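Report on the structure given below.
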There are 2 protein chains.
Amino acid sequence: MLKGTLDLLILRTIELQPRHGLAVSERIAQITRGTFVVKPGSLFPALHRLEQEGYIAGAWGESAQGRRAKVYDITPAGRKRLAAERKSWDRIVTAVGQVLDPT
Amino acid sequence: MLKGTLDLLILRTIELQPRHGLAVSERIAQITRGTFVVKPGSLFPALHRLEQEGYIAGAWGESAQGRRAKVYDITPAGRKRLAAERKSWDRIVTAVGQVLDPT
DNA sequence: GCATCTATATAGAACATCTATACAAAAGTC
DNA sequence: GACTTTTGTATAGATGTTCTATATAGATGC
């Protein structure tokens, strides 16, 4: 996975619907049809970092299977961060495109 | 800069026309209008790595200003690598798009 | 002769991601 | 009712790219 995109993917996934850790990675794998597979060792450090920085908030609850799970929701700061990351991503895609196919 | 895209940018820039180190970074900055600014400390390690791996070949020559400069050209292996990186990039852009704006 | 510009180079730090492993609790299984 | 499997969270250690900062060298200008 491209370093620097994971936060974007996590924030957007949680924004659409609060989820617990593994559910986030499941959704990313599913919707990208396996292009991005975020394993626990990458996922949880990222979640902890995002929580530490105040972009997401975790609370113990239940998973769809009825197991105990920490459910994360996005915070107002997280939405701002997500909007900024989106802009940044668009800019990067445009810039790379310009290098790959200069007009 | 997003980690992992530098190789792609360098390979494509050199493919279009062989250049020496600083000329590569100048062109990238120019064509992306300052979105990507590759400083020497990032550029040269990347060039050396790409050369070590056989994707580009450097030869001492002259810059446009008539200074001594190491001019890099892409190798057949480099073209293959570039094609692969392009595909990979397209796939990533598509996948991120799917997460950001699911249909 | 001394500063400045071009150009290459490297050391060291920072940081996100990956591999691998560990741990816990619930559910199934016989 | 022990035992395995499944679900879920967690962390340690390694890896590798990029960034900051600095060094070096040769030309050019004045």
Side-chain angles (χ1 to χ4, degrees), chain A residues 1-11 13-14 18-30 32 35-53 55-72 81 85 88-89 92 95-96, chain B residues 1-11 14 18-29 32 35-53 55-72 81 85 88-89 92 95-96:
Chain A
M1 156 161 313
L2 212 59
K3 301 196 182 185
T5 57
L6 187 53
D7 289 9
L8 178 64
L9 299 181
I10 291 175
L11 286 172
T13 301
I14 289 177
R19 291 169 197 274
H20 64 91
L22 286 187
V24 171
S25 86
E26 269 164 28
R27 174 138 206 287
I28 290 174
Q30 189 181 23
T32 66
T35 296
F36 293 140
V37 176
V38 186
K39 286 170 189 163
S42 306
L43 178 72
F44 288 103
L47 287 173
H48 296 159
R49 186 168 34 78
L50 288 170
E51 186 174 28
Q52 197 91 21
E53 295 166 343
Y55 299 127
I56 62 177
W60 286 101
E62 278 198 350
S63 73
Q65 272 76 25
R67 301 289 182 81
R68 131 196 175 287
K70 197 183 275 179
V71 177
Y72 289 97
R81 169 87 196 283
E85 290 275 340
S88 169
W89 174 251
I92 287 165
V96 171
Chain B
M1 156 160 315
L2 213 57
K3 298 194 185 185
T5 57
L6 187 53
D7 289 8
L8 178 63
L9 299 182
I10 290 175
L11 287 172
I14 289 176
R19 291 169 198 272
H20 65 91
L22 287 188
V24 171
S25 85
E26 270 164 28
R27 174 138 206 287
I28 291 174
T32 66
T35 296
F36 294 140
V37 176
V38 186
K39 286 171 190 164
S42 306
L43 178 72
F44 288 104
L47 287 173
H48 296 161
R49 186 169 32 78
L50 288 170
E51 186 173 29
Q52 198 90 20
E53 294 165 345
Y55 300 126
I56 62 177
W60 286 101
E62 278 198 350
S63 74
Q65 273 75 26
R67 301 290 181 80
R68 129 194 175 289
K70 198 184 275 179
V71 177
Y72 290 97
R81 169 86 196 284
E85 290 276 339
S88 169
W89 174 250
I92 287 165
V96 171

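None of the values given here were measured: they were computed from a predicted structure. Just so we're on the same page: letters track the sequence lines, and every chain starts at 1. Values reported hereafter were calculated over all heavy atoms of this structure, with side chains retained and with hydrogens, waters and symmetry mates removed.
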Discussion item. If I take atom CG in residue A/Asp7 and atom P in nucleotide C/dC15, what distance separates them, rounded to the nearest angstrom?
Written reply: 13 Å
Under 3.5 Å, which N/O atoms of the protein pair with N/O atoms of nucleotides 23-28 of chain D?
| residue | atom | partner | partner atom | Å |
| --- | --- | --- | --- | --- |
| D/dG26 | N2 | B/Arg67 | NH1 | 3.0 |

Practice prompt. In whole angstrom, give the distance that lies between atom CD of A/Glu26 and atom C1' of D/dT7.
Written response: 9 Å
Discussion item. Between A/Met1 and A/Leu9, is there a side-chain heavy-atom distance shorter than 4.5 Å?
Written reply: yes
Practice prompt. Establish, with yes or no, whether the OP1 or OP2 oxygen of C/dC15 is under 4.0 angstrom from a side-chain nitrogen or oxygen of A/Arg49.
Written response: no
Worksheet item: Quick one: side chain to side chain contact (heavy atoms under 4.5 Å, CB included) partners of A/Ser63, sequence neighbours excluded?
Response: A/His20, A/Gln65, A/Arg67, A/Ala69
Practice prompt. Remember a base hit wins even if backbone is also touched, and classify B/Lys70 as base, sugar-phosphate or nothing at under 4.0 Å, heavy atoms.
Written response: sugar-phosphate
Worksheet item: OH/B/Tyr55 to CG/B/Leu47 distance, rounded to the nearest 0.5 angstrom?
Response: 15.0 Å
Item to complete: With sequence neighbours left out, write down each residue that passes side chain to side chain contact (heavy atoms under 4.5 Å, CB included) with B/Lys3, or none if nothing qualifies.
Response: A/Lys3
Worksheet, complete the sentence: note: B/Glu85, atom CD; D/dT17, atom P; distance rounded to Å ~ 11 Å
Fill in: side-chain contact (heavy atoms from CB on, under 4.5 Å) between A/Val96 and B/Phe36, intermediate numbers included
CA-CA 9 Å; A/Val96 171; B/Phe36 294 140; 3.7 Å; yes
Worksheet item: How many Å lie between CZ on A/Phe36 and C1' on C/dA16, as a whole number?
Response: 15 Å
Worksheet, complete the sentence: Rounded to whole Å, the NE2-P distance (B/His48 to D/dG16) equals 19 Å
Worksheet item: Hey, what do you get for OG1 (A/Thr5) to CG (B/Leu2), rounding to the nearest 0.5 Å?
Response: 6.5 Å
Scan nucleotides 18-22 of chain C against the protein and return all N/O pairs shorter than 3.5 Å with their distances rounded to 0.1 Å.
| residue | atom | partner | partner atom | Å |
| --- | --- | --- | --- | --- |
| C/dC18 | OP1 | A/Met1 | N | 3.4 |
| C/dC18 | OP2 | A/Ser42 | OG | 2.4 |
| C/dC18 | N4 | A/Gly41 | O | 3.4 |

Response to the item:
Residues B/Ile10 and B/Ala46: closest non-hydrogen pair is CD1-CB, 3.8 Å
Item to complete: Please state whether the phosphate of D/dG8, meaning OP1 or OP2, lies under 4.0 angstrom from any side-chain nitrogen or oxygen of A/Ser63.
Response: yes
Discussion item. Could you tell me how far apart A/Phe44 (CZ) and C/dA24 (P) are, to the nearest whole angstrom?
Written reply: 15 Å
Response to the item:
side chain to side chain contact (heavy atoms under 4.5 Å, CB included) filter on B/Pro45, not counting sequence neighbours, yields none
Item to complete: Using the test side chain to side chain contact (heavy atoms under 4.5 Å, CB included), find all partners of A/Thr13 that sit at least two apart in sequence or belong to another chain.
Response: A/Arg19, A/Val24, A/Arg27, A/Ile28, B/Val99
Fill in: Euclidean distance, atom CG of residue A/Leu22 to atom P of C/dA24 [Å, nearest integer]
17 Å
Discussion item. In whole Å, I'd like the distance from the CG atom of A/Leu50 to the P atom of C/dT17.
Written reply: 9 Å
Worksheet, complete the sentence: Given Watson-Crick and G-U pairs under 3.5 Å, DNA chain C in dot-bracket ([ ] crossing, | other strand) is ||||||||||||||||||||||||||||||
Worksheet item: Are side-chain heavy atoms of A/Leu50 and A/Arg81 found at a separation under 4.5 Å?
Response: yes
Worksheet item: How many angstroms lie between atom OH of B/Tyr72 and atom CD1 of B/Ile56, to the nearest 0.5 angstrom?
Response: 5.5 Å
Worksheet item: Quick one: on DNA chain D, does A/Lys3 or A/His20 contact a more 5' nucleotide (nearest heavy atom)?
Response: A/His20
Discussion item. Suppose the criterion is side-chain hydrogen bond (donor to acceptor under 3.5 Å, both in side chains): which pairs have a residue in residues 37-51 of chain A, not counting sequence neighbours?
Written reply: A/Asp7-A/Arg49
